[in-house]
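This report refers to the structure that appears directly beneath it.
Reckoned from all heavy atoms, side chains included, excluding hydrogens, waters and symmetry mates. All of these numbers come straight from a predicted model, not from anything done at the bench. Each chain gets a letter, A, B and so on, in the order its sequence line appears, and its residues count up from 1.
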2 protein chains.
Amino acid sequence: MDERQALIAFGALSQETRLRLLRLLVMAGPAGIAAGSLAEQVAVSPSNVSFHLKELERAGLVSTRRDARSIVYSAEYDALSGLIRFLMEDCCSGRPEICAPALAAPCCQPGEGARQ
Amino acid sequence: MDERQALIAFGALSQETRLRLLRLLVMAGPAGIAAGSLAEQVAVSPSNVSFHLKELERAGLVSTRRDARSIVYSAEYDALSGLIRFLMEDCCSGRPEICAPALAAPCCQPGEGARQ
DNA sequence: TCGATATTTCAAGGATTATTGAAACATGGA
DNA sequence: TCCATGTTTCAATAATCCTTGAAATATCGA
């Protein structure tokens, strides 16, 4: 994840509808979710969801595939981890002792469940 | 870090000048850097730097103190770690096996140095 | 108090981003 | 082929964000 891509990704995450879309896709896993279903779940018009999904795609955070009439979106886990690493490097750069403790909190444990 | 604050923080990080400012402040540590010095280092006008610093402050990512005529900014490490955790929870929610490996890469090691 | 320094605030303008609804495109089934 | 379905694209408007320079505020030293 280079800086240019990180800037775009941060912008993508700074909008409520997009954050909700990404959460749904992360939880859905590789199976993904069709655009129409996403529009229903976030209660936003199809064209507006399409706009936001394109922004997430530009940020590299989601990818698409066609399945019959539907277009199925799925989260790009590598991009998300890349973004986390980008943030960690900025946070820890030169001062690992300060942010490391906060990261020691339990995370990435199976069964932890999602934030609502 | 709640969702509302995370949205603001992502927005704050999605702008190049602000990301540069934050990096400088992270590297500077608790000593912080005065506004004027920051303006010089990022080569932006004082009033523009002030605008961006206020945005970082609104996001909770920096704090200020007055030192004589200067106003000294410093990074809020807790907010930064909180944002990282927010992202990790979204990323790993329900699917820890997917993003955990990426986070196992070496980070937070003393002497790792900053990204340029 | 006065002037110099350090920074912020404000208003105006330009640039980008978000929302909306209509139209276009692609797919699959009758 | 024709129609229904699922999705995107487009144009227009609204909203938000960024930049700029001038004016205001606060501090310090003479």
Side-chain angles (χ1 to χ4, degrees), chain A residues 3-25 28 31-76, chain B residues 3-25 28 31-76:
Chain A
E3 169 166 335
R4 161 157 182 74
Q5 202 62 20
L7 284 170
I8 297 176
F10 286 135
L13 295 180
S14 70
Q15 211 279 341
E16 194 175 358
T17 300
R18 287 195 293 259
L19 192 56
R20 291 222 302 270
L21 289 170
L22 187 64
R23 280 218 188 100
L24 290 171
L25 292 173
I33 305 177
S37 175
L38 284 169
E40 275 182 17
Q41 293 184 59
V42 301
V44 166
S45 76
S47 88
N48 195 11
V49 146
S50 182
F51 168 81
H52 287 304
L53 286 170
K54 217 167 88 170
E55 201 64 15
L56 286 170
E57 193 178 13
R58 186 171 75 98
L61 295 169
V62 307
S63 59
T64 69
R65 65 177 194 276
R66 179 175 277 279
D67 177 21
R69 270 179 269 199
S70 296
I71 295 192
V72 175
Y73 285 81
S74 30
E76 279 291 320
Chain B
E3 168 167 334
R4 163 160 179 71
Q5 203 62 19
L7 283 171
I8 297 175
F10 287 134
L13 295 180
S14 71
Q15 211 277 342
E16 193 175 358
T17 300
R18 288 196 292 259
L19 192 58
R20 291 222 303 268
L21 289 170
L22 186 65
R23 280 218 189 98
L24 289 170
L25 292 173
I33 304 177
S37 175
L38 284 169
E40 276 182 16
Q41 292 183 61
V42 301
V44 166
S45 78
S47 88
N48 196 10
V49 144
S50 181
F51 168 80
H52 287 303
L53 286 171
K54 216 168 87 172
E55 201 63 15
L56 286 170
E57 193 179 12
R58 185 170 78 96
L61 295 170
V62 307
S63 59
T64 68
R65 66 177 195 275
R66 179 174 278 280
D67 177 21
R69 269 178 270 197
S70 295
I71 295 191
V72 176
Y73 285 81
S74 30
E76 279 292 320

Is any side-chain heavy atom of L38(B) less than 4.5 Å from a side-chain heavy atom of L25(B)? yes
Flag side-chain contact, heavy atom, 4.5 Å: Q5(B) against I8(B): yes
Looking at V62(A) and L53(A), what are the two nearest heavy atoms and their distance? CG2-O, 4.0 Å
Within this structure, what is the CG-to-P distance between N48(A) and dT19(C), rounded to whole angstrom? 5 Å
Can you pull out the residues from residues 32-39 of chain B that lie within a 4.0 Å heavy-atom distance of DNA chain D? none
Mind running a 4.0 Å heavy-atom check of residues 54-62 of chain B against DNA chain D and sending the residues that fall below it, in number order? none
On a heavy-atom basis, which atom in A75(B) and which in L22(B) lie closest, and how many Å separate them? CB-CD1, 4.5 Å
dT19(C) C1' sits how many Å from H52(A) NE2, rounded? 8 Å
Could you tell me which non-hydrogen atom of S14(A) sits nearest to which non-hydrogen atom of G11(A), and how far apart they are? OG-O, 2.7 Å
Working to the nearest 0.5 angstrom, can you tell me the gap between S50(A) OG and I71(A) CD1? 8.0 Å
Sequence neighbours left out, what pairs pass salt bridge (charged side-chain N to carboxylate O under 4.0 Å, His left out) with at least one residue falling in residues 43-57 of chain B? E55(B)-R58(B)
Under 4.0 Å, heavy atom to any atom of DNA chain D: which of residues 6-19 of chain A qualify? none
Looking at residues at least two apart in the chain, or sitting in another chain, which of them share a side chain to side chain contact (heavy atoms under 4.5 Å, CB included) with A12(B)? R18(B), L56(B), A59(B), L61(B)
With a cut-off of less than 4.0 Å, is there a side-chain N or O of Y73(A) near OP1 or OP2 of dG6(D)? no
Return the polar atom pairs (N/O with N/O) between nucleotides 22-30 of chain D and the protein under 3.5 Å, or none.
none

Write down the distance between CD1 (I71(B)) and P (dT7(C)), rounded to a whole number of angstrom. 7 Å
Provide the full list of side-chain hydrogen bond (donor to acceptor under 3.5 Å, both in side chains) pairs with a residue in residues 35-49 of chain A, sequence neighbours left out, each pair given once. S37(A)-Q41(A), N48(A)-H52(A)
Could you state the CZ-P distance from F51(A) to dT17(C), rounded to the nearest angstrom? 8 Å
Suppose the criterion is side-chain hydrogen bond (donor to acceptor under 3.5 Å, both in side chains): which pairs have a residue in residues 59-75 of chain B, not counting sequence neighbours? S63(B)-E76(B)
What nucleic acid atoms does S50(B) come within less than 4.0 Å of, heavy atoms only: base, sugar-phosphate, or nothing? base
